[in-house]
Amino acid sequence: DAAMELAETLFAPKPENGRKGPKQLDQYWYKDGLGKIIPVLAGPRAHRLLPRLCEWLNAAVRGRMRECGDQEAEADYSYMWRPAIEEHEQNQSYDSAGVMTGFVRAGFEQAIGSASISLDEALQIVGRYSFLIFKRLRIHLIGEFADQDRRLVRQVMLDRTLFEDYEYKHEYARLVGKRFSMLEPAEQTEWFRWVCDGPGA
């Protein structure tokens, strides 16, 4: 508990000249520090750490949108500054919100993988936030831990809206690529029909 309180003091985004998130000069320290505490706390303090990480990410995204002069509720354009939820060469290492996304993902993956929290509990936490980045994270986690809820995996793959929405393109395609075999034969046939029909058919 003391370590968690210290982590909140050190890493919670604070206003800095109208901005939220770590100052550019502190990026190395910030990334190095978070990278060390998440593996330690994601297990024994998952239910406390993960909501805090999400709050920090939410604050970072809000700060980013203010800087860009865009106040739209959900359209954070995260597919541009964080093309992939997982680690990827196209992800921007200098963007505070993008960096925080990586830590949030790592925290959830470790906590779910160690059974410190269930996939359902994780999705409930992620579902509290409206920004697109959290909706993409949801799809990523469903794909990574598909065996915990096979019905949900199939439901997401058969969501025609996700199939056609470019904002979810990477996460949806990755999910289908890894978990397509979980669909029933009739469902696979339906999915291939979508491909043949094309978008908006």
Examine distances only and state if a side-chain atom of Gln148 and a backbone atom of Leu119 form a donor-acceptor pair shorter than 3.5 Å. yes
Show the nearest heavy-atom pair for residues Gln188 and Leu183, with the distance to one decimal. NE2-O, 3.3 Å
Please find out if less than 6.0 Å separates the ring center of Phe192 from that of Phe180. yes
Would you indicate whether the side-chain heavy atoms of Met182 and Asp147 approach each other to under 4.5 Å? yes
Between Ser78 and Asp76, do the side chains contain a donor N or O and an acceptor N or O under 3.5 Å apart? yes
Atom of Tyr129, atom of Pro51 and distance for their closest heavy-atom approach: OH-O, 3.6 Å
In short, Ala111 meets Leu50 closest at the heavy-atom pair CB-CD1, 3.8 Å
Where do Pro83 and Asn91 come nearest, in terms of heavy atoms and distance? CD-OD1, 3.2 Å
For a 4.5 angstrom cut-off between non-hydrogen side-chain atoms, does Asn58 reach Phe134? yes
How long is the gap from CH2 on Trp191 to CZ on Arg160, to the nearest 0.5 Å? 11.0 Å
Is any side-chain heavy atom of Ile133 closer than 4.5 Å to a side-chain heavy atom of Trp81? yes
Within this structure, what is the CE-CZ distance for the pair Met65 and Arg62, rounded to the nearest 0.5 Å? 8.0 Å
When Glu87, Glu171, Glu144 are each screened for salt bridge (charged side-chain N to carboxylate O under 4.0 Å, His left out) with Arg105, the one that passes is Glu87
SB check Arg174 Glu86 (cutoff 4.0 Å): yes
Looking only at heavy atoms, which two atoms of Trp56 and Glu8 are closest? And how far apart? CZ2-CA, 3.8 Å
pair Leu123-Asp149: side-chain heavy atoms closer than 4.5 Å: no
Is there side-chain contact between Tyr172 and Asp165, with heavy atoms separated by less than 4.5 Å? no
Please answer whether the main-chain N or O of Phe11 pairs with a side-chain N or O of Tyr30 as donor and acceptor at a distance below 3.5 Å. yes
How about Lys36: does its NZ atom have over 12 heavy atoms from other parts shown lying under 6.0 Å from it? no
Separation between CG of Leu152 and CE of Met157, rounded to the nearest 0.5 Å: 10.0 Å
Could you tell me whether the side chain of Ile37 reaches within less than 4.5 Å of the side chain of Leu10, counting heavy atoms only? no
Residues Asp120 and Gln124: side-chain donor-acceptor under 3.5 angstrom: yes
Closest non-hydrogen contact found for Ala84 with His170 is CB-NE2, 3.4 Å
Would you indicate whether the side-chain heavy atoms of Arg179 and Ile142 approach each other to under 4.5 Å? no
Has Arg136 got a side-chain atom pairing as donor or acceptor with Arg82's backbone, closer than 3.5 angstrom? yes
